[in-house]
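All remarks here apply to the structure that follows.
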Amino acid sequence: MRDAPPPALVELVGRLGLASPAQVLAVQGRVRRLARGLPRFEQVWVDALAQARVLTPFQAGEINAGRADTLSVGPYVLAQPLEMLGWSVVYRAIDPCKGLDVRLCVASPGADGRELQNDDRTRQLAELARAADRIACSWIEPIESFGYCGDRLWAASAYSVGQSSAEWIVHHGRMPPAAVHEIARQMAAGLAACEIAGVVHGDVAARNLWLNPEGLSRLVAPGLRAIVQPAESYAQCHRLPETYDYLAPERIADGTPPTIASDIYACGAVWWHLLAGRPPIAGATGLAKMQAAAAGKIPEIAELAPEAPSELLEVLKACLARDPRRRPATFAEISARLGPPTAAGEKIVSRSLERAGQCRLRLGQAPEARSVRSRVRRAGAVAIGCLLVVVAGTWPQWQARLARRFSELQATRVAATTSKATAAPQPAGARTAAAVPSV
């Protein structure tokens with residue numbers, strides 16, 4: 001008997017462009033196994049579609065929670081959340097018409113009740129989308145399109161496989177200094193291209209620094225935060241603490257919009273984070289982070305990563321100067337001091353990412369100790385393997401010997417039992433007389 005899927009579900013996934021009626025019908029076997037004799041509820045069909053990878057787990061969760069309409073944002077359908085930026089959420093989204101994945105940044109009205117859709121902001125977003133053609137480099141992923149969906153603003157850019165550097169650090173700790181040096185070169189070259197195009201990034205952060213397996217780093221969504229949230233003040237301290245990890249002191253103290261100088265400071269803070277493996281300022285709340293960022297007291301990175309290249313340490317220290325006038329004037333100057341990105345540097349970054357994925361050190365475990373422990377484990381495994389080979393080779397001889405021994409013991413036991421049964425009983429008087437000596 002064929003199970004008919006709920007018509008409402010078929011209509012919903014078809015309208016969103018997630019699955020055709022034939023794809024829904026194809027999972028009826030999974031539905032039968034998941035239900036286990038219970039009624040085939042709509043949630044069971046949704047779970048079966050997720051198991052068949054027709055829906056992503058995020059999409060299945062939103063549909064089961066009754067929030068399927070929120071999956072549609074403009075011409076795109078949300079597939080998976082990527083990053084929480086504090087002022088917006090980033091998703092991997094799908095264009096059902098073209099079948100392409102995009103990186104979709106979605107901003108909603110915050111607690112301050114600001115209006116996202118107005119003529120001035122729309123004009124700025126249009127200029128930012130047009131500037132994408134002028135930013136021609138491999139290290140920047142600009143906004144290509146934007147729009148409004150109800151009270152939400154969305155902005156789309158190309159999607160590339162990889163992960164943010166913030167996520168990488170959470171799983172693997174600090175990056176090798178040589179890899180950070182190459183990433184700094186790529187960031188400086190990309191932001192120099194933005195500077196020429198007249199675009200201030202405004203949100204240089206580890207969570208916006210995307211790393212791909214080929215060793216390329218990309219700064220995503222340049223200029224978007226500066227349009228959505230041009231000023232930073234203590235009124236926004238309710239946001240995620242990591243939103244304020246890389247803000248220049250003058251942006252909080254004076255409430256000024258982002259500038260080239262504040263982007264340069266943010267670059268230094270990101271490089272500090274990559275070298276040290278932790279954010280440059282401490283704080284468990286947004287208010288604490290903002291106060292620490294306004295103070296601008298960041299420890300010397302040379303004390304935490306003395307093995308880093310000297311030119312990187314010098315540029316990083318200059319970028320983190322509290323006075324904007326003491327920082328490098330342009331990203332072109334920083335790029336000249338660090339040097340241009342190289343193919344050899346890309347290989348260093350790629351190898352660092354690959355090795356980190358293959359091997360993770362435990363907290364507090366030195367590489368030397370881990371190497372000795374690995375050698376001991378390998379030697380033990382080889383010894384056990386040799387022992388098993390010897391046992392397997394000599395097992396027939398052992399089995400035959402054990403069989404002979406068992407037969408001998410069995411024969412001895414039978415003989416003893418037989419002798420006891422056939423022996424005549426001796427009279428008690430005879431035993432007594434034999435025991436008493438004659439006179």
Side-chain angles (χ1 to χ4, degrees), residues 73-79 82-83 85 87-107 116-149 152-162 164-165 183 185-212 214 216-230 257-260 262-264 266-267 270 330-332 334-335 340-341:
V73 179
Y76 305 104
V77 178
L78 304 183
L82 297 177
E83 294 288 340
L85 301 183
W87 56 276
S88 66
V89 184
V90 180
Y91 298 90
R92 179 176 67 85
I94 303 171
D95 187 343
C97 298
K98 300 180 180 178
L100 299 176
D101 288 353
V102 299
R103 187 180 189 274
L104 195 69
C105 185
V106 181
L116 286 176
Q117 185 172 1
N118 57 57
D119 294 340
D120 185 53
R121 183 171 285 114
T122 302
R123 177 184 56 80
Q124 294 177 4
L125 288 169
E127 293 178 357
L128 183 62
R130 287 193 295 268
D133 297 332
R134 303 195 300 269
I135 305 174
C137 67
S138 303
W139 310 288
I140 299 293
E141 205 67 76
I143 295 298
E144 297 178 351
S145 60
F146 71 95
Y148 300 94
C149 181
R152 295 185 292 177
L153 164 68
W154 59 265
S157 57
Y159 175 79
S160 58
V161 178
S164 70
S165 60
I183 291 174
R185 289 171 170 172
Q186 296 178 8
M187 290 176 61
L191 290 170
C194 289
E195 188 176 5
I196 295 174
V199 176
V200 176
H201 193 288
D203 197 21
V204 177
R207 61 189 176 276
N208 278 333
L209 178 62
W210 206 254
L211 307 174
N212 69 5
E214 287 75 25
L216 282 177
S217 62
R218 287 185 173 91
L219 280 169
V220 298
L224 184 60
R225 181 176 178 177
I227 296 175
V228 176
Q229 187 174 312
T259 61
I260 296 296
S262 65
D263 275 359
I264 289 175
C267 276
V270 169
T330 63
F331 282 106
I334 295 176
S335 184

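With H201 contributing its side chain and R225 its backbone, the two residues share no donor-acceptor pair below 3.5 Å. Put simply, the side chain of Q124 never gets that close to the backbone of I227: no donor and acceptor are under 3.5 Å apart. No donor-acceptor pair closer than 3.5 Å links the side chain of D203 to the backbone N or O of N208. Checking side-chain atoms of S335 against main-chain N and O of A188 turns up no donor-acceptor pair under 3.5 Å.
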Walk me through it: do C105 and L224 pass the test side chain to side chain contact (heavy atoms under 4.5 Å, CB included)?
CA-CA 9 Å; C105 185; L224 184 60; 3.6 Å; yes
List the steps and the verdict of side chain to side chain contact (heavy atoms under 4.5 Å, CB included) for I183 and L211.
CA-CA 9 Å; I183 291 174; L211 307 174; 4.0 Å; yes
Could you give me the CA-CA distance, side-chain angles and deciding distance for L78 and W154, then say whether side chain to side chain contact (heavy atoms under 4.5 Å, CB included) is met?
CA-CA 11 Å; L78 304 183; W154 59 265; over 6 Å; no
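Of all the heavy atoms in T122 and Y148, the pair that sits closest is OG1-OH, 3.0 Å. Among all heavy-atom pairs drawn from W210 and V161, the shortest one is NE1-C, 3.9 Å. Taking each heavy atom of V228 and R121 in turn, the nearest pair found is O-NH2, 3.6 Å. A pairwise comparison of heavy atoms in P222 and I143 identifies CD-N, 4.5 Å as the closest pair. Minimum interatomic distance between G202 and D263 (heavy atoms only, all atoms of both residues): N-OD1, 3.1 Å.
Residues that satisfy the ring-ring contact (aromatic ring centres under 6.0 Å, His included) test with F331, not counting sequence neighbours, are absent from this structure.
No more than 12 heavy atoms of other residues, nucleotides or ligands sit less than 6.0 Å from atom CG of D119.
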Show which side-chain atoms of residues 125-140 pair as donor or acceptor with protein atoms under 3.5 Å away, not counting sequence neighbours.
residue : atom : partner : partner atom : Å
E127    : OE2  : R123    : NH1          : 3.2
R134    : NH2  : A197    : O            : 3.0

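In this structure, the separation between SG on C194 and CG on L219 is 8.0 Å, given to the nearest 0.5 Å. Residue I264 holds its CD1 atom at 7.0 Å from CD of E195, rounded to the nearest 0.5 Å.
Among pairs with a residue in residues 94-103, those fulfilling side chain to side chain donor-acceptor pair (under 3.5 Å) read R92-D101, at least two apart in sequence or across chains.
Counting only N and O atoms by type, the side chains of S160 and E141 include no donor and acceptor under 3.5 Å apart.
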